[in-house]
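Notes to accompany the following structure.
None of the values given here were measured: they were computed from a predicted structure. In what follows, every chain begins at residue 1, and chains take the letters A, B, ... in the order their sequences are listed.
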Amino acid sequence: MNVLKKYSAKSVEDLVGIESEVKGIIDFLKDFRVLKKKALLLVGPEGSGKTSSVYAVANSLGFDVVEVNASDKRNAENIKSIVGGASKQAGLFSKNKIILIDEVDGLSGNSDRGGVREINSIIKSTSFPIIMTANDEYSSRLESVKQNSSIIRFKKRGYWHVYNFIKLINDFEKKGLSVISLKKVASMAQGDVRSALNDLGNVESDADVNELFERAKESSIFDALKIIFKSKTVESLLQSVDNLRGMDVRDVVSWVHGNICNEYEKPHELRDAYDWTSRADVFLGRIGRRMYWRFLVYAKLFSTVGVGLSKDEMYRKFSRYYPPMKMRGVSKNSKIRAENKAFGVEFSGLTHCSSKKALKEYSPFFKKSFLSEKGSV
Amino acid sequence: MEIWTEKYRPKHLRDVIGQENIIKRLDAFTLTDSMPHLLFAGPPGTGKTTCALALANDVYKGNVKENFLELNASDERGIDTIRVKVKNFARSRSIGGVAFKIIFLGESDALTSDAQQALRRTMERYSSACRFILDCNYPSKIIDPIQSRCVLFRFKNLGKKEAVKYLKNICSVEKINASEKVLELIFELSRGDLRKCTNILQSCSVLSLDVSEEIVYEVASLAKPDEIRKALELSIKGDFVGAKEMLLDAVYKYGLSGLDAVKQIQSEVLGLELSAKSKMELIALVGEYEFRLVEGSDEFIQLESLLAQFFKRE
């Protein structure tokens with residue numbers, strides 16, 4: 001059986017750590033008849049427990065759930081027929097119903113045309129409680145819906161909450177993953193319980209976890225680069241910082257630095273962006289010298305928010321991002337470096353210079369003949 | 001391979017050219033049996049190492065090997081290695097009836113000030129048995145306590161006359177045909193650096209024993225990689241990716257340190273085809289980035305960021 005289904009919350013007691021949010025839902029259902037706003041909007045990041053709470057509460061209180069989620073086509077017509085229908089008729093055995101519209105901020109502009117307007121009109125006339133979920137509270141599609149609903153905000157789950165949860169399941173299922181692996185899974189999830197459960201369901205051994213972890217790291221830097229280069233507001237740029245949690249700031253700086261020229265085209269943008277990574281690097285240098293780790297904050301903000309705000313407008317082009325130059329150029333340059341080293345050692349012995357100085361002073365004149373001599377030996 | 005800078009390095013103080021005052025004072029040490037610590041400061045190719053070697057040769061006659069230790073501050077890994085080597089060297093008595101041994105520490109301005117503090121104690125400890133000759137480009141980089149223990153000799157760039165005379169001697173031995181004008185050109189291009197003069201002359205002679213001005217220009221351009229100027233020009237023209245690759249290639253090819261590269265960028269700025277105002281702004285930026293290079297952690301990030309500041313300037 002799918003781990004996700006098996007360990008989803010069955011009743012209110014299973015909902016650990018979000019008690020106050022759950023109480024809000026229960027209150028809404030109990031007071032529904034006297035409430036003015038006939039809909040409830042649950043907002044919060046993925047895997048914070050919005051949908052599971054609705055089902056668990058429904059289970060405990062004896063409600064049926066009629067769900068419309070993003071996989072259904074949700075234009076005005078469909079919503080009217082599914083939700084509108086459900087909102088009028090009483091359940092056959094007079095059991096109470098909850099109408100759940102999942103991911104309302106995901107209503108798409110074209111194929112879900114008129115969906116939002118229809119939802120609003122249903123909210124006004126419904127005889128059953130309507131609960132909606134959304135990730136992005138500030139989505140423009142939600143503006144009118146928000147006025148007709150009460151809002152409950154779910155927060156990201158803490159790292160330890162996720163860790164304890166998957167540890168429990170690991171023991172229960174006798175998967176036998178190491179503590180380190182569990183911690184990796186928990187940190188990858190970044191507060192998203194569902195994704196942690198999914199990951200856990202898909203791995204059999206510590207090696208699997210490692211592979212997953214490396215892939216996640218790569219993809220999280222690509223996601224972050226996309227945000228940095230494509231968004232313009234401080235809020236979403238800060239989200240890129242969030243995405244990078246757990247990554248070495250040095251890597252972040254060099255990834256961002258290495259990709260600026262793949263995105264920005266205007267002179268002042270390019271100059272400003274590189275100026276920010278340069279400043280970030282200065283702080284990295286200062287950390288190294290003084291062991292003062294708080295400087296990391298600046299290195300991180302400069303290389304993400306600083307670089308992101310260097311653009312006037314988002315470029316509406318498809319950009320490919322690459323690993324930093326340094327990693328790509330290593331093999332090509334290692335040959336030159338080896339040659340230089342051999343030259344330096346040989347000439348420093350001959351000329352009373354250090355190898356570095358010998359390389360600088362003599363290699364322009366002697367390197368060619370040095371190499372051809374070496375080659376013939 | 002024969003390297004002319006070594007082949008024609010003067011063996012005795014009396015043969016050293018150009019630094020008459022210094023030679024006179026150094027020569028005095030070979031007659032008496034006492035010598036202080038010495039600090040040789042001056043630009044490259046002016047005879048600092050040569051003087052140290054010649055002095056040792058004149059003092060110890062045949063026994064140089066046993067009494068003279070040459071160390072290089074930038075090659076010896078850290079002050080500890082230097083200390084151990086000095087200790088082992090100083091332990092045995094000097095040979096040949098001279099009261100002291102000589103330790104020559106080249107490129108000593110490469111030592112950090114902490115390392116110099118350690119060096120100072122080492123100098124004090126072994127000063128009864130050893131004399132130190134420190135060599136550096138900038139005496140200001142040597143900490144005061146060491147400076148005050150040394151007699152400072154300031155080496156100046158060679159004059160044209162002396163350098164040309166020296167090159168003429170090489171030409172006659174190596175059977176090279178070069179006019180006075182050509183030799184003067186070599187001197188001008190090397191800015192008084194006799195090592196560079198000799199290297200240029202040797203490289204020219206490989207191409208042809210009749211050295212012409214054209215050959216000199218061709219060879220001299222080797223010494224100053226024009227990749228860096230080209231990289232700046234590419235960035236100004238708007239090809240930043242190309243500029244970046246050019247710069248990195250130059251850095252690897254010539255084994256430049258980040259600071260070497262910045263120094264060269266700075267020297268190129270005034271020659272670029274830009275408005276005077278842009279040039280001044282860029283020089284200010286180069287200064288800022290040289291500072292960041294010293295403070296920062298990754299030379300490549302700083303170099304590329306500096307290169308980006310040239311992007312599409314007018």
Side-chain angles (χ1 to χ4, degrees), chain A residues 250 253-254 257-258 260-262 265-268 270-289 299 324-326 329 332-333 336-337 340-341 343-348 350-357 359-370 373, chain B residues 1 3 5-6 9 44-45 49-50 52-53 70 72-76 104 106-107 110 193 195-196 199-200 202-203 206 219 222-225 238 240-241 244-245 248-249 252-257 260 289 291-298 300-302 304-313:
Chain A
R250 266 164 218 288
V253 174
S254 53
H257 178 86
I260 292 171
C261 59
N262 298 325
E265 291 163 7
K266 290 185 202 154
H268 65 273
L270 196 86
R271 293 180 206 152
D272 286 356
Y274 274 112
D275 191 54
W276 281 116
T277 52
S278 150
R279 287 197 223 180
D281 177 67
V282 168
F283 275 91
L284 289 179
R286 288 177 182 156
I287 293 171
R289 223 158 299 123
M325 268 292 253
K326 247 184 298 163
K332 181 183 156 199
N333 290 310
I336 299 176
R337 252 189 313 214
N340 283 348
K341 200 173 165 199
F343 184 94
V345 169
E346 174 128 4
F347 273 70
S348 116
L350 295 173
T351 61
H352 303 276
C353 288
S354 69
S355 55
K356 214 166 139 192
K357 190 171 172 187
L359 181 67
K360 204 169 129 197
E361 299 279 344
Y362 289 92
S363 75
F365 304 106
F366 292 94
K367 196 167 169 193
K368 254 194 196 149
S369 53
F370 170 76
E373 238 169 68
Chain B
M1 190 190 316
I3 301 169
T5 53
E6 292 308 312
R9 195 194 280 280
T49 307
T50 300
L53 294 169
E70 187 181 351
N72 246 310
S74 57
D75 266 356
E76 311 300 337
F104 176 66
E107 294 165 49
D193 177 344
R195 182 191 286 118
K196 200 175 259 177
N199 277 336
I200 292 178
Q202 182 173 8
S203 295
V206 172
V219 168
L222 292 176
K224 197 179 185 188
F240 183 69
V241 176
K244 214 165 72 164
E245 265 164 32
L248 287 185
D249 277 355
Y252 282 118
K253 202 162 133 198
Y254 301 100
L256 300 178
S257 70
D260 290 337
Y289 275 84
F291 171 71
R292 289 187 192 177
L293 195 80
V294 176
E295 278 280 290
S297 80
D298 186 329
F300 290 101
I301 288 189
Q302 297 303 342
E304 288 174 12
S305 295
L306 174 55
L307 191 61
Q309 304 311 310
F310 287 77
F311 186 66
K312 289 194 175 169
R313 292 259 174 191

What are the two closest non-hydrogen atoms of [X] and [Y], and how far apart are they?
X: B/Lys312; Y: A/Glu265; answer: NZ-O, 4.4 Å
X: A/Thr277; Y: B/Ile301; answer: O-CG2, 3.8 Å
X: A/Thr351; Y: B/Arg9; answer: O-NH2, 3.4 Å

Checklist entry - ring-ring contact (aromatic ring centres under 6.0 Å, His included) with A/Phe283: which residues, sequence neighbours excluded? => result A/Phe295, A/Tyr298, A/Phe302
Residue part contacting chain A, namely of [X], when any heavy atom lies under 4.5 Å:
X: B/Leu53; value: side chain
X: B/Glu107; value: side chain
X: B/Glu6; value: side chain
X: B/Tyr289; value: side chain
X: B/Phe240; value: side chain
X: B/Arg292; value: both

Item to check | Test item: A/Arg289 side-chain N/O and B/Glu295 main-chain N/O as donor-acceptor pair under 3.5 Å | outcome: yes
Item to check | Short side-chain to backbone donor-acceptor contact, A/Asp281 and B/Asp298, under 3.5 Å | outcome: yes
Checklist entry - Can you say whether A/Phe347 sits under 4.5 Å from chain B via the side chain, the backbone, both, or neither, judging by heavy atoms? => result side chain
Checklist entry - Who passes side-chain contact (heavy atoms from CB on, under 4.5 Å) against B/Leu293, sequence neighbours left out? => result B/Leu259, B/Val262, B/Glu299, B/Gln302
Checklist outcome for this item: One option among A/Phe366, A/Phe343, A/Tyr274 has the most heavy-atom pairs under 4.5 Å with chain B, and it is A/Tyr274
Checklist entry - Is B/Arg195 close to A/Cys353 at the side-chain level, that is, under 4.5 Å between some pair of heavy atoms? => result yes
Checklist entry - Which of these passes side chain to side chain contact (heavy atoms under 4.5 Å, CB included) with A/Phe365: B/Ile3, B/Val206, B/Val219? => result B/Val219
